[in-house]
Amino acid sequence: MTDQTNAPLVLAVPSKGRLQENAAAFFGRAGLKLAQLSGARDYRGTLVGVPGVEVRYLSASEIASQLASGAAHLGVTGEDLIRETLPDAEGSVELLTPLGFGQATVVVAVPQAWIDVRAMSDLDEVASEMRLRQGRKLRIATKYVNLTRRFLAEHGIADYRIVESLGATEGAPAAGSAEIVVDITTTGATLQANALKILDDGIILRSEANLVASLKASWGEGQRSALRAVLGRIAAEERARTSREVRAALPESGGIDLAGIAALHEAELPYGAPKGLDGEIVLRCPAEAVFALSDALVQAGARAVSVRRIDYAFAAENPLAERLLARL
Ligand SMILES: Nc1ncnc2c1ncn2[C@@H]1O[C@H](COP(=O)(O)OP(=O)(O)OP(=O)(O)O)[C@@H](O)[C@H]1O
Ligand SMILES: O=P(O)(O)OC[C@H]1O[C@H](OP(=O)(O)OP(=O)(O)O)[C@H](O)[C@@H]1O
Ligand SMILES: [Mg+2]
């Protein structure tokens, strides 16, 4: 066996396309600065200030394959590509957290001219009729071959043939290479431009970019500690972004039910309860709970309450890392 002690954690980052900019921005917010190695023949880089990490720049679909094979430990890619590339996604990767960008929906779309075809059950009829009357199978253009097969099987549709598409999928019906398509859509503009419509129950998957970890990669001690560092920063940024710090001057009279108020508004006391009865207390609550919490504090006698955004909120717990480590 080779010595894996010094092997780095491989972090796969989109090198092009729609996810690239957003992915770099996401790491940047978490204080993880990507530095591309200049002169390297292949696309490699490092994370400034985080040792033991090798960054690899790959296309979104290559990232899905490398997570599947275990060549990459962590990566950013679309859930659509994960579900398409990995027959057993649950068993081979962990979707750590959705990232709020790269939204796209994988859909079944048919020509708008097919007025009577609105649902998957209508499509089943069309397919059977084509088979019976014309002796040929309904052709579906897609690059989502596995997602399409699975979805059609769930709807009991078997009379069809997949035409693998490598791009401009929506043009297939007009070009005569297929009758219908399965593809991703975001604004719907491409479907509209090609006179296609989504079937009412034709939504296969709502996807967005995710931070994904491979369960197939080799996770030595060095890689685990790099993982804690990377995910600790990501969690600190997420915790900070979704919460607010609420500081209150407690009433001189004392007698405020802090624990009760905190529980009611999903707030916590990250630095503990105050020592004396008067003084300042720091709470942290979900961003959407600040007004209710502040009102409650004032009503309970707080003399002043201020709310601030925070940049990072580090904590002893590292929920993202713990969830993954528990599965390794
Ligand atoms: N409108 C969109 N069109 C395509 N992909 C999108 C869109 N919005 C989000 N995505 C996400 O980005 C992923 C990668 O798409 P992108 O177009 O960047 O690369 P690709 O299609 O794999 O490569 P290329 O287009 O260069 O062949 C998609 O699988 C999807 O998860
Ligand atoms: O619903 P819309 O907002 O119109 O977006 C959907 C289109 O965008 C993507 O194509 P892309 O531009 O990535 O080209 P590709 O087919 O070469 O991947 C996708 O494959 C659709 O064609
Ligand atoms: Mg594309």
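Ligands are counted one by one from 1 in listed order, and the atoms in each one are counted from 1 as well.
- With distances taken over non-hydrogen atoms, the option nearest atom 19 (C) of ligand 2 out of V107, I184, L166 is I184.
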Under the side chain to side chain contact (heavy atoms under 4.5 Å, CB included) rule, what do H265 and C285 come out as? Steps first, then yes or no, please.
CA-CA 7 Å; H265 300 285; C285 72; 5.6 Å; no
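- Here the straight-line distance linking atom CD of Q223 with atom NE2 of H73 works out to 3.5 Å at 0.5 Å rounding.
- Which parts of ligand 1 touch L81 is read off a 4.0 Å heavy-atom cut-off, strictly below it: atoms 29 (O).
- Inter-residue side-chain proximity for L227 and L324 is flagged as met; some heavy-atom pair is nearer than 4.5 Å.
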Where do S165 and T142 land on the side chain to side chain contact (heavy atoms under 4.5 Å, CB included) test, with the steps shown first?
CA-CA 5 Å; S165 160; T142 190; 5.8 Å; no
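- For F314 against R233, the heavy-atom pair with the smallest separation is CE2-CA, 4.0 Å.
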Audit row: S69, Q66, side-chain hydrogen bond (donor to acceptor under 3.5 Å, both in side chains) steps and yes/no
CA-CA 5 Å; S69 72; Q66 297 226 342; over 6 Å; no
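- Residue S61 has no nitrogen or oxygen atom sitting less than 3.5 Å from a nitrogen or oxygen atom of ligand 1, judged on distance alone.
- Contact between S59 and ligand 1 is absent, with no heavy atom of the residue lying under 4.0 Å from the ligand.
- Numbered from 1 in the order shown, with element, the atoms of ligand 1 that lie under 4.0 Å from a heavy atom of G17 read 18 (O).
- No donor-acceptor pair closer than 3.5 Å links the side chain of D80 to the backbone N or O of S207.
- Ranked by closest heavy atom to atom 13 (O) of ligand 2, the top entry among R18, K143, E170, Q192 is R18.
- Using a 4.0 Å cut-off between heavy atoms, A168 contacts ligand 2 through its backbone alone, with no side-chain atom that close.
- Which parts of ligand 1 touch G78 is read off a 4.0 Å heavy-atom cut-off, strictly below it: atoms 31 (O).
- Between the side chain of E179 and the backbone N or O of R139 there is at least one donor-acceptor pair closer than 3.5 Å.
- In summary, of the residues considered (L205, V181, L191), a side-chain contact (heavy atoms from CB on, under 4.5 Å) with V107 occurs for L191 alone.
- Those atoms of ligand 1 with a heavy atom of A60 less than 4.0 angstrom away are 14 (C).
- Using a distance-only test at 3.5 Å, with no hydrogens or angles considered, no donor-acceptor pair links the side chain of K197 to the main chain of R118.
- Contact annotation: for D183 versus ligand 2, heavy atoms closer than 4.0 Å belong to the side chain alone.
- Residue-environment remark: CD (E129) exceeds the threshold of 12 foreign heavy atoms within 6.0 Å.
- Relative to atom 27 (O) of ligand 1, the option among E62, E208, K16, Q20 with the closest non-hydrogen atom is K16.
- Heavy-atom distances between Q103 and ligand 1 reach below 4.0 Å in at least one pair.
- Short contacts between ligand 1 and T186, defined as distances under 4.0 Å to a heavy atom of the residue, involve ligand atoms 1 (N), 2 (C), 7 (C), 8 (N).
- Residue contact annotation: K143 has a non-hydrogen atom under 4.0 Å from ligand 1.
- For E245 against V282, the heavy-atom pair with the smallest separation is CG-CG1, 3.5 Å.
- Remark: ligand 2 and G188 share an N or O pair separated by less than 3.5 Å (distance only, no angle test).
- Not close to ligand 1: E79, with no non-hydrogen atom less than 4.0 angstrom away.
- Proximity to I184 (heavy-atom distance under 4.0 Å) selects the following atoms of ligand 1: 3 (N), 4 (C), 5 (N), 6 (C), 28 (C).
- Below 4.0 Å from some heavy atom of T190 lie the following atoms of ligand 2, by number and element: 2 (P), 4 (O), 5 (O), 6 (C), 7 (C), 22 (O).
- Of all the atoms in ligand 1, the ones that sit under 4.0 Å from a non-hydrogen atom of D80 are 28 (C), 29 (O), 30 (C), 31 (O).
- The distance from ligand 1 to the heavy atoms of A104 drops below 4.0 Å at these ligand atoms: 8 (N), 9 (C).
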